[in-house]
Enquirer: 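Here it is, the structure in full.
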Amino acid sequence: MESIAENLGRIAASLPREVRLVAVSKQHSAASVEEAYRWGQRLFGENKVQELAEKYERLPKDIEWHFIGHLQTNKVKYIVPFVSLIHSADSLKLLQTIDREAGKCGRVVECLLQFHIAEEESKFGLDEREAGEMLESPLFREMRHIRIAGVMGMATYTGDREQIRKEFRRLREIFERLKQDYFAEDPVFREISMGMSGDYELAVEEGSTLVRVGSSLFGERSY
Ligand SMILES: *Cc1c(COP(=O)(O)O)cnc(C)c1O
């Protein structure tokens with residue numbers, strides 16, 4: 001197993017300048033985060049609220065934390081004071097909660113709309129019709145403490161590269177259509193979060209701006 005520093009160097013070198021690496025540190029220790037931090041990594045992602053809140057407390061305050069997992073409305077308040085991007089906004093109710101909690105701490109929190117692009121059944125992620133309805137709803141238009149910064153999706157867990165490519169391409173098309181229909185004048189709407197350890201090179205070829213890489217960087221997780 002190579003060191004975190006070696007992995008980070010290799011992955012960072014393989015990414016075009018305009019693509020940012022979200023180092024997914026879930027289920028890895030604060031010491032692992034610190035090692036990547038020492039080598040210059042400042043952007044980290046976590047998928048559990050409690051684990052994120054604990055790491056935020058312990059680790060340097062110039063780390064930019066992204067939340068990438070399913071977010072329950074009753075836990076929003078624990079991360080809103082410091083999180084810099086929530087990748088997994090997939091309902092109006094969740095956006096309303098983020099908006100309200102962000103308002104309480106005087107923040108504007110950037111969120112990505114999560115889309116269901118995989119073939120696998122999943123409870124999480126919007127389809128285009130749902131997203132359109134949400135973006136047109138008066139409740140959404142009244143929100144002042146969130147900004148939609150782009151889209152996020154996860155491809156099917158498969159060895160079929162063409163299938164994965166097709167799904168990433170679809171997310172890119174969704175991004176372009178939303179941009180044209182709702183965010184044409186909004187420079188904040190700019191991110192396409194797609195690609196993980198097994199498929200981030202493909203995702204970059206298809207236009208990803210944020211790759212979320214965990215195991216290739218920190219090693220396998222023990223579940
Ligand atoms: C765990 C996770 C990742 C990283 O997965 P790896 O395969 O370890 O790179 C990316 N995105 C989300 C949403 C995750 O939960």
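This structure is a prediction, so every number in the text was calculated from the model and none was measured. Ligands are counted one by one from 1 in listed order, and the atoms in each one are counted from 1 as well. Excluded from the calculations below are hydrogen atoms, water molecules and symmetry mates; all remaining heavy atoms, backbone and side chain alike, are included.
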Enquirer: Could you tell me which atoms of ligand 1, counted from 1 in the order shown, lie closer than 4.0 angstrom to a heavy atom of Ser197?
Expert: 6 (P), 7 (O), 8 (O), 9 (O)
Enquirer: Under a 3.5 Å threshold, yes or no: a donor from one side chain and an acceptor from the other, between Gln180 and Glu176?
Expert: no
Enquirer: Are the aromatic rings of Phe175 and Phe189 close, with centres under 6.0 Å apart?
Expert: yes
Enquirer: Give the numbers and elements of all ligand 1 atoms closer than 4.0 Å to a heavy atom of Arg212.
Expert: 4 (C), 9 (O), 10 (C), 11 (N), 12 (C), 13 (C)
Enquirer: Answer yes or no: does an N/O atom from Ile68 fall short of 3.5 Å to an N/O atom of ligand 1?
Expert: no
Enquirer: Could you tell me if any non-hydrogen atom of His87 lies under 4.0 Å from any atom of ligand 1?
Expert: no
Enquirer: Taking all non-hydrogen atoms of both residues into account, name the closest pair between Arg42 and Tyr37 and its distance.
Expert: NH1-O, 2.8 Å
Enquirer: Is there a polar contact, in the sense of an N or O pair closer than 3.5 Å, between Arg221 and ligand 1?
Expert: yes
Enquirer: By number and element, which atoms of ligand 1 are closer than 4.0 Å to a non-hydrogen atom of Val213?
Expert: 9 (O)
Enquirer: Glu35 versus Gln41: any side-chain heavy-atom pair under 4.5 Å?
Expert: no
Enquirer: May I ask you to say whether Arg10 pairs ionically with Glu2, meaning some side-chain N is under 4.0 Å from a carboxylate O?
Expert: yes
